[in-house]
Q: 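Handing you this structure, nothing more for now.
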Amino acid sequence: MAKSVCIVGAGPAGLAVAKTLLHNAPKGDFKVTIFDAQHDVGGLWPTSKDDVGRQIHPLMLANQSRHTMHFSDLAWEDTIPQLPQGWMVGQYLQRYAAKYLTSSPDFRLKLKTRVTRTEQKDEGWDVTIQSDNGEETTRFDRLVVATGYFGDPLVPKALTESTTIPVIHSSQYRDLKSLLGTSGKGGKILVAGGQMSGVEIAATIGMHLSNEVNSPDASSIPNIENYSIHHTSPRHPWVIPLHTTPEPKWKAPPFLPHDFSSYNKNNRPVPFTDSQGHIPEDRAKTVHERLRGALGPKQRLTSQAATSAATDDSLPPYFACSDWYCEFVRSGLITVHDGRLESIAGSAAKLTDSSIEDVAVVVLGTGFDPEFCVNFLPKDVLATLGYSPAHPSLLLALSFHATHHPKVPSLGFVGFYRGAFWGVIQMQARLLAALWSSKGQSDALREKLAKDDSIKRTLDLRNDPRQSQFPMGDYPFLMQEFAEALSLEISPPAAVDAPNLTTNGLPLEVFAPARYSPANEDGEDNANSKKLINDSAAVLKDGLTTPRFVSRAVFRSLLGTWKLERDLRSKLLTHPSGHFSGTAQFLLRSQTKEGVQCTTKEGVTPFCEDGESYEYLYIEDGEFKTDQGFGFRATRRYIYRYDEASGAITVWFAKPDDNKRVDYFFHEVQFDDPPAGGGGHKHGWPAKSGHLCIDDYYNVKYNFVFDAHLLHYTPTLEMSYSHIPAYVLGAACCGRGIMGALSPRSEYGHVGLRLEGVSSTTTTDDGGFASPLMYFKAIREVSYGAALVALQQQGQETALTTLVGILSVVRLADGVVVWWHGGETLRWRAIGHWITGIGFLGWFAWRRK
């Protein structure tokens, strides 16, 4: 008889365990019901751009790529960006439920229904639910807690009792206007909390504030420029950009989504040992040093007066993910403070060893209280599970990596720990199916369970001052543990035609859930896991052998104020050459609408849909000194844009009379491919572009030099000749040659010569004929024209100038020939040849200058 299973929670964990019980256990073993208080599946993840009632903002970027954040039995759609937004993750979960659950006769989904209490009776559970229809109690054989670990937002009372300023949790933040209101008083936006949520919310608010200040449209928030961001934390984490390089010592490194390097299977010896939990001092120092080498020393930021505790490498390292946080700190938009926020009185915030005045609003990145996620369990059961509210990071002491407790065999847990990985969630679901199915436990599973010490490990860690940030955070180790218990082999990686890494001499081998896929788990001969593996391999190859993700890494690194030294070399007398010295500011804002459609390339498949799009308002200000010694103040503005769909950085002119607004297109930054032999460009990533004007042509060259994830760059702007004359004259020469080949008799008259066999003293061409030499002339003209076009297209300016000089001599000589041999009636055509020759000669002289 089928066992009835109650699953609390319709997020990733609840859907994964429901699918596994119904499709991967023996048919008929289980009947499953999921209860969730939300209006749709997804849990924390919103299912549309307008779904703003959940703890995750629908437009928030996931801090893992789709190559590690997936279930092995459902591939992502090709149009999804590498780092999905929150609503995309929710829609992935909708697809998962639709594919595997909604049509199953053994599945029921009860939304807008909260489980309020449970009671263990005999070997089953009485589950009481609350919905719009009132209260109801149902009997189940098994109970699965799939509520996740993010319960109630933690807002300490000490931070709200004595203040009148707004104090909100980071999960409640949606936009700047709702945070600041319309009072326009100005002041400090204080962000408290130094782990993932503190860093991410500080960076998000920084993006919104930068956009409000630098947008071409007036802000709806009065005096927006009078607000600033201050971030306080007792310990500051290493901040990992969302795209990192596996070759941090290269000046022109490749880039990939950060989890490719973080979960590179070949970075660690096999079998894996647990690197989390208790962190000894020597291991902490080793990890800090590795992070310093991989990320560079400036991805861990403290205040200018940093305390020893904030920078002590003997303490366990903390991590956060953000593209913009460190750049905002370096640019001065975010000010970092050391210390814990202890209290707020009026508009003053007291920290551990200092205080901050003139606080306008407080945003708490202080995490969540997981007690809410298990408050429906009976007290006696909680006691058996080692329930300890005093230890929120280790609330329960459970067996085999937070899946169950041997004294409560009908109760299971999936995804109930801090920082749950999707691959581990799926493994936990498989383990519960193996524990409860009619097949019985395998010898391998019984052996692993007998050796398991997870409960003791949890109890020992609770008061350990050297506890890691994520006690169950070693993703590869956990996957290995579950795979051994379930006798599940890892699939080999797809072959990738890319060089091995120089860091260890081995290929980069990403550790993904798709590589642990039981036979035919998707009912399609594992087509989904195969597609996921191949997609990762394609991205890996692109990242290591092309500049695909370099533009994103460059664009991120440009944010802030730069010291700018630039030589301007002009070949036009009206535009002097010289040297500019000053500053260049890249001010981040959301993409504006003007001109976006102008860079859409027909016939080119975009990398994704609904990808990231950002802009910088670029302000250059300083002194320009000409080569002749004259100096004057100079300023200019551009708009730099990054578009994930095309992977391109484009540069646009700003309107002279509205200098925050886009005017027209300047150029696209085009990165050179890496050298075919590997090793990267020796002096940085070269890039180039050009811009055609009527009177001149701009050759734009860049060199972007990385030091791990920090950037130095050299722009070169060379104003040269317009391409138009070469193309026009080249086309004219080709046209004249083709006309001569098609109608050689007529060409004699056009040139100014009499037909062969006709005396130069006669007035008619009667009896004359065209010599085959006219075809040679036609070939000559086509050759001249093709050479003009080809040399211009290749940018061979010196060779083109030389050819122009030769053509001037040829045209002048043609005129002499016509003057002497054209006869009385055609001699005047020599003037046309001489005018053309003089024109070429003038063009030659102009180009020489």
Q: Calculate, to the nearest 0.5 Å, the distance between atoms CD1 and CG belonging to Ile533 and Asn528 respectively.
A: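 Going from CD1 on Ile533 over to CG on Asn528, the span is 11.0 Å.
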
Q: With Leu143, which of Val5, Val115, Val8 fulfils side chain to side chain contact (heavy atoms under 4.5 Å, CB included)?
A: Val8

Q: For the residue pair Leu449 and Leu435, establish whether any side-chain heavy-atom pair is separated by less than 4.5 Å.
A: yes

Q: So, taking the atom named CD in Glu484 and the one named CE in Met479, what distance separates them when rounded to the nearest 0.5 Å?
A: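 If we round to the nearest 0.5 Å, Glu484:CD and Met479:CE are 12.5 Å apart.
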
Q: To the nearest 0.5 Å, what is the distance between CG on Leu111 and CD1 on Ile34?
A: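 Those atoms lie 9.0 Å apart.
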
Q: Taking atom CZ as the centre, does Arg290 end up with more than 12 heavy-atom neighbours from other residues, nucleotides or ligands that are less than 6.0 angstrom away?
A: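 Counting other residues, nucleotides and ligands, CZ of Arg290 stays at 12 neighbours or fewer.
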
Q: Report yes if the side chains of Ser613 and Glu644 come closer than 4.5 Å at any heavy-atom pair, otherwise no.
A: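 Of all side-chain heavy-atom pairs linking Glu644 with Ser613, none is under 4.5 Å.
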
Q: Start with the C-alpha gap between Ser410 and Trp125, add the side-chain angles, then the distance that decides, and say whether side-chain hydrogen bond (donor to acceptor under 3.5 Å, both in side chains) holds.
A: CA-CA 8 Å; Ser410 60; Trp125 294 86; 2.9 Å; yes

Q: Hey, do the aromatic rings of Tyr318 and Trp238 have their centres closer than 6.0 Å?
A: no

Q: Hey, could you give me the OG/NZ distance between Ser442 and Lys448, rounded to the nearest 0.5 Å?
A: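 It comes to 11.5 Å.
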
Q: Within the 4.5 Å heavy-atom criterion, are Leu532 and His67 side-chain neighbours or not?
A: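 No, every pair of side-chain atoms sits at 4.5 Å or beyond.
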
Q: Could you report the tightest heavy-atom contact between Tyr417 and Leu478, atom names first, then the distance?
A: OH-CD1, 4.1 Å

Q: For the CG atom of Leu461 and the NZ atom of Lys456, what is their distance to the nearest 0.5 Å?
A: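 Leu461 CG to Lys456 NZ: 9.5 Å, rounded to 0.5 Å.
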
Q: Thr147 versus Phe416: any side-chain heavy-atom pair under 4.5 Å?
A: yes

Q: Please work out whether the ring planes of Phe511 and Tyr475 are parallel, tilted or perpendicular, with thresholds of 30° and 60°.
A: perpendicular

Q: Please give me the minimum heavy-atom distance between Pro406 and Ser399, naming the atom from each residue.
A: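 Shortest heavy-atom separation between Pro406 and Ser399 comes out as CD-OG, 2.9 Å.
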
Q: Does the side chain of Val374 reach to within under 4.5 Å of the side chain of Leu396, using non-hydrogen atoms?
A: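 Contact flag for Val374/Leu396 side chains = yes.
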
Q: For Pro246 versus Thr503, what's the shortest heavy-atom pair and its separation?
A: O-CG2, 3.5 Å

Q: Quick one: does Gln276's side chain get under 4.5 Å of Pro471's, heavy atoms only?
A: no

Q: Indicate whether the side chain of Thr47 and that of Trp87 have a donor and an acceptor atom separated by less than 3.5 Å.
A: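 Per modelled atom types, Thr47 and Trp87 side chains form no pair under 3.5 Å.
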
Q: Will you find, in the side chains of Thr20 and Gln426, an N or O donor that is under 3.5 Å from an N or O acceptor?
A: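 Looking only at side-chain atoms, Gln426 and Thr20 do not form any donor-acceptor pair under 3.5 Å.
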
Q: Indicate the ring-plane relationship of Tyr96 and Tyr92, choosing parallel, tilted or perpendicular according to the 30° and 60° boundaries.
A: parallel

Q: Name the orientation class of the two ring planes belonging to Phe368 and Phe150 (parallel below 30°, tilted from 30 to 60°, perpendicular beyond 60°).
A: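 Correct class here is perpendicular.
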
Q: Are Ser261 and Asn264 linked by a side-chain donor-acceptor pair shorter than 3.5 Å?
A: no

Q: Ion pair present between Glu509 and Arg515, side-chain N to carboxylate O less than 4.0 angstrom?
A: yes

Q: For Trp436, does the six-membered ring have the charged nitrogen or CZ of Arg142 within the cation-pi criterion, i.e. under 6.0 angstrom from the centroid and within 45° of the normal?
A: yes

Q: At what distance, to the nearest 0.5 angstrom, does OG1 of Thr113 lie from CG of Asp36?
A: 8.5 Å

Q: Under a 3.5 Å cutoff, is there a donor and acceptor pairing between the side chains of Arg114 and Gln38?
A: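 No donor-acceptor contact under 3.5 Å links the two side chains.
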
Q: Could you check whether any side-chain heavy atom of Pro241 comes within less than 4.5 Å of a side-chain heavy atom of Arg556, counting everything from C-beta outward?
A: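 With C-beta onward as the side chain, the pair touches.
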
Q: Between the side chains of Glu247 and Thr502, is a donor N or O closer than 3.5 angstrom to an acceptor N or O?
A: yes

Q: Would you kindly say whether Asn520 and Asp525 are connected by a side-chain donor-acceptor distance under 3.5 Å?
A: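 Per modelled atom types, Asn520 and Asp525 side chains form no pair under 3.5 Å.
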
Q: Would Tyr263 and Phe421 satisfy side-chain contact (heavy atoms from CB on, under 4.5 Å), going step by step from the backbone distance to the final call?
A: CA-CA 12 Å; Tyr263 306 134; Phe421 295 94; 2.9 Å; yes

Q: Has Asp497 got more than 12 heavy atoms of other residues, nucleotides or ligands less than 6.0 Å from its CG?
A: no

Q: For Ser65 and Asp259, which heavy atoms make the closest approach, and how far apart are they?
A: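 Nearest heavy atoms, Ser65 then Asp259: N-OD2, 2.7 Å.
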
Q: Please test Ser48 against Asp51 for side-chain hydrogen bond (donor to acceptor under 3.5 Å, both in side chains), starting from the C-alpha separation and ending with a verdict.
A: CA-CA 5 Å; Ser48 71; Asp51 187 1; 5.1 Å; no

Q: For the ring pair Phe255 and His243, is the centre-to-centre distance below 6.0 Å?
A: no

Q: Are Arg548 and Asp542 within salt-bridge range, i.e. N to O under 4.0 Å?
A: yes

Q: Given side-chain hydrogen bond (donor to acceptor under 3.5 Å, both in side chains), test Asn526 with Glu521 step by step and report yes or no.
A: CA-CA 6 Å; Asn526 287 355; Glu521 70 166 343; 5.8 Å; no

Q: Can you tell me if Glu371 and Tyr387 form a side-chain donor-acceptor pair at under 3.5 Å?
A: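 Their side chains do contain a donor-acceptor pair, which is all the 3.5 Å distance test asks for.
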
Q: Side chains of Pro547 and Pro674: does their closest heavy-atom pair fall under 4.5 Å?
A: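 Touching, per the 4.5 Å side-chain cut-off.
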
Q: Please walk me through it: do His401 and Glu481 pass side-chain hydrogen bond (donor to acceptor under 3.5 Å, both in side chains)?
A: CA-CA 9 Å; His401 310 298; Glu481 285 284 283; 3.3 Å; yes

Q: Quick check: closest heavy atoms across His70 and Trp76, and the distance to 0.1 Å?
A: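 Shortest heavy-atom contact: CB-NE1, 3.6 Å.
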
Q: Under 4.0 Å between a Lys/Arg side-chain N and an Asp/Glu carboxylate O for Lys19 and Asp73?
A: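 Salt bridge flag = yes for Asp73 with Lys19.
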
Q: Do His258 and Thr244 meet the criterion of a side-chain donor-acceptor pair at a distance under 3.5 Å?
A: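 Note: His258 and Thr244 side chains miss the donor-acceptor criterion.
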
Q: Does any donor atom in the side chain of Asp106 or Ser104 lie under 3.5 Å from an acceptor atom in the other side chain?
A: no

Q: Are any of the side-chain nitrogens in Asp323 or Arg552 under 4.0 Å away from the carboxylate oxygens of its partner?
A: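 Salt bridge: yes.
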
Q: Does NZ in Lys531 sit with more than 12 non-hydrogen atoms of other residues, nucleotides or ligands closer than 6.0 Å?
A: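 Result for NZ/Lys531: enclosed.
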
Q: Going through the distances and angles, do Val539 and Phe549 end up as a side-chain contact (heavy atoms from CB on, under 4.5 Å)?
A: CA-CA 10 Å; Val539 169; Phe549 298 108; 3.8 Å; yes

Q: At their closest point, which heavy atom of Leu488 faces which heavy atom of Ser517, and how far apart are they?
A: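 So the minimum-distance heavy-atom pair works out to CD1-C, 4.2 Å.
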
Q: Measure up the Tyr100 and His23 rings against each other and bin them: parallel (under 30°), tilted (30 to 60°), perpendicular (over 60°).
A: perpendicular

